[in-house]
Participant: 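Pasting in a structure now, in structure tokens, and then I'll have a few things to ask.
Remember, it's 1-based here, ligands and their atoms both numbered in the order they're listed. Quick caveat, the model's predicted, so the values are computed rather than measured. Any value given below was found using the heavy atoms of this structure, including those in side chains, with hydrogens, waters and symmetry copies removed. Start at 1 with the first residue, then count along the sequence.
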Amino acid sequence: MSAGLRIGQGFDSHGFAAGRELRLGGVLIPGERGLAGHSDGDVLLHAVCDALLGALALGDIGEHFPPGDARWRNADSREFVRHACGLVRQRGWRLANLDATLILDTPRLGPHREAIRQSLAALLDSPLDRISLKAKTPEGLGLPDTAIAQVVVLLEAAAAE
Ligand code: C5P
Ligand code: MG
């Protein structure tokens with residue numbers, strides 16, 4: 001069994017697009033423009049997935065779920081995270097904590113923060129107090145139609161209490 005700790009970071013960005021539903025962290029946010037993408041465009045879950053894969057040094061989301069593959073068209077991104085979580089468990093690790101930042105103009109995160117944290121905690125099978133979600137506006141970046149997610153995860157050996 002592996003000993004110690006592993007850290008991973010993930011980044012993703014998607015453009016806002018008409019005719020799409022907005023999903024952030026597996027939560028449907030009604031009444032907002034959605035994000036473009038081959039899958040459901042859940043920028044936060046894509047960054048979570050890459051952070052987990054990064055901690056395991058097992059490549060990135062595109063290697064596990066090629067964007068050109070018709071199977072993943074409009075896919076529920078929770079499936080990508082479940083796959084990454086399966087690899088975490090298989091290799092003897094568990095999540096110590098996750099810290100995420102969403103960078104987007106709208107929606108304001110406040111009314112949705114707790115629902116998204118709970119969704120992430122359920123997906124990652126983690127206590128809520130190990131899941132952090134923050135938001136920033138893309139001030140000065142010149143990216144008003146873009147949503148960005150940055151995620152850091154720490155994994156600990158599963159047997160370490
Ligand atoms: O990016 P800025 O410094 O203007 O963000 C100030 C605060 O606004 C953030 O710390 C966060 O609490 C909130 N915010 C938010 N939802 C966003 C952007 C910012 O809740 N989409
Ligand atoms: Mg993506």
Participant: Write down the atom of Leu45, the atom of Gly26, and the distance for their closest heavy-atom approach.
Facilitator: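 That closest heavy-atom pairing would be CD1-N, 3.6 Å.
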Participant: What I want to know is whether Lys136 and ligand 1 share at least one N or O pair that is separated by under 3.5 angstrom.
Facilitator: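 Yes, since at least one N or O of Lys136 sits under 3.5 Å from an N or O of ligand 1.
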Participant: Any side-chain donor paired with an acceptor under 3.5 Å for Asp42 and Ser77?
Facilitator: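 No donor-acceptor contact under 3.5 Å links the two side chains.
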Participant: With a cut-off of 4.0 Å, which atoms of ligand 1 are near a heavy atom of Gly110?
Facilitator: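 Answer, ordered by atom number: 20 (O).
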Participant: Please answer whether the main-chain N or O of Leu155 pairs with a side-chain N or O of Arg6 as donor and acceptor at a distance below 3.5 Å.
Facilitator: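 Not a single qualifying donor-acceptor pair exists.
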Participant: Tell me, which protein residue and heavy-atom name are nearest atom 8 (O) of ligand 1, and how many Å apart are they?
Facilitator: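 Atom 8 (O) of ligand 1 sits closest to the protein heavy atom Arg108 NH2, 3.0 Å.
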Participant: Can you pull out the closest protein heavy atom to atom 20 (O) of ligand 1? Residue, atom name and distance to 0.1 Å, please.
Facilitator: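 In this structure, atom 20 (O) of ligand 1 has Leu109 N, 3.2 Å as its nearest protein heavy atom.
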Participant: Hey, which atoms in ligand 1 end up nearer than 4.0 Å to a heavy atom of Asp105?
Facilitator: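 Listed by number with element: 21 (N).
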Participant: Run the side chain to side chain contact (heavy atoms under 4.5 Å, CB included) check on His38 and Asn74 step by step: do they pass?
Facilitator: CA-CA 6 Å; His38 183 69; Asn74 293 321; over 6 Å; no
Participant: Has Glu32 got a side-chain atom pairing as donor or acceptor with Ile29's backbone, closer than 3.5 angstrom?
Facilitator: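 No, the answer is negative, given that no donor and acceptor are paired below the 3.5 Å cut-off.
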Participant: Against ligand 1, does Pro138 come closer than 4.0 Å with any heavy atom?
Facilitator: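 The answer is no, since Pro138 has no heavy atom less than 4.0 Å from ligand 1.
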Participant: Could you tell me whether Leu102 approaches ligand 1 through its side chain, its backbone, both or neither, with non-hydrogen atoms closer than 4.0 Å?
Facilitator: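 Neither part.
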Participant: Show which atoms of ligand 1 fall inside a sub-4.0 Å distance from at least one heavy-atom site of Leu104.
Facilitator: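 Here the atoms of ligand 1 in question are 17 (C), 18 (C), 21 (N).
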Participant: Hey, are Asp99 and Lys134 close enough for a salt bridge, meaning a charged N less than 4.0 Å from a carboxylate O?
Facilitator: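 Yes, Asp99 and Lys134 are salt-bridged.
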Participant: Of all N, O or S atoms in His46, which has the smallest distance to the Mg ion (ligand 2)?
Facilitator: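 The nearest such atom is ND1.
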Participant: Testing Arg73, Glu79, His46 for side-chain contact (heavy atoms from CB on, under 4.5 Å) with Ser39, which one passes?
Facilitator: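 Answer to the side-chain contact (heavy atoms from CB on, under 4.5 Å) test with Ser39 among Arg73, Glu79, His46: His46.
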Participant: Give me the nearest non-hydrogen protein atom to atom 2 (P) of ligand 1 as residue plus atom name, then the distance to 0.1 Å.
Facilitator: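 Ranked first by proximity to atom 2 (P) of ligand 1 is Thr137 OG1, 3.4 Å.
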Participant: Under 2.8 Å from the Mg ion (ligand 2), is there any N, O or S atom belonging to Asp12?
Facilitator: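 Checking the Mg ion (ligand 2) against Asp12, an N, O or S atom does fall under 2.8 Å.
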Participant: Between the side chain of Arg33 and the main-chain N/O of Ala17, is any donor-acceptor distance below 3.5 Å?
Facilitator: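 No, Arg33 side chain to Ala17 backbone: no donor-acceptor pair under 3.5 Å.
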Participant: Would you mind checking which non-hydrogen protein atom is closest to atom 9 (C) of ligand 1, with the distance to 0.1 Å?
Facilitator: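 Checking every protein heavy atom, the shortest distance to atom 9 (C) of ligand 1 gives Ala135 O, 3.1 Å.
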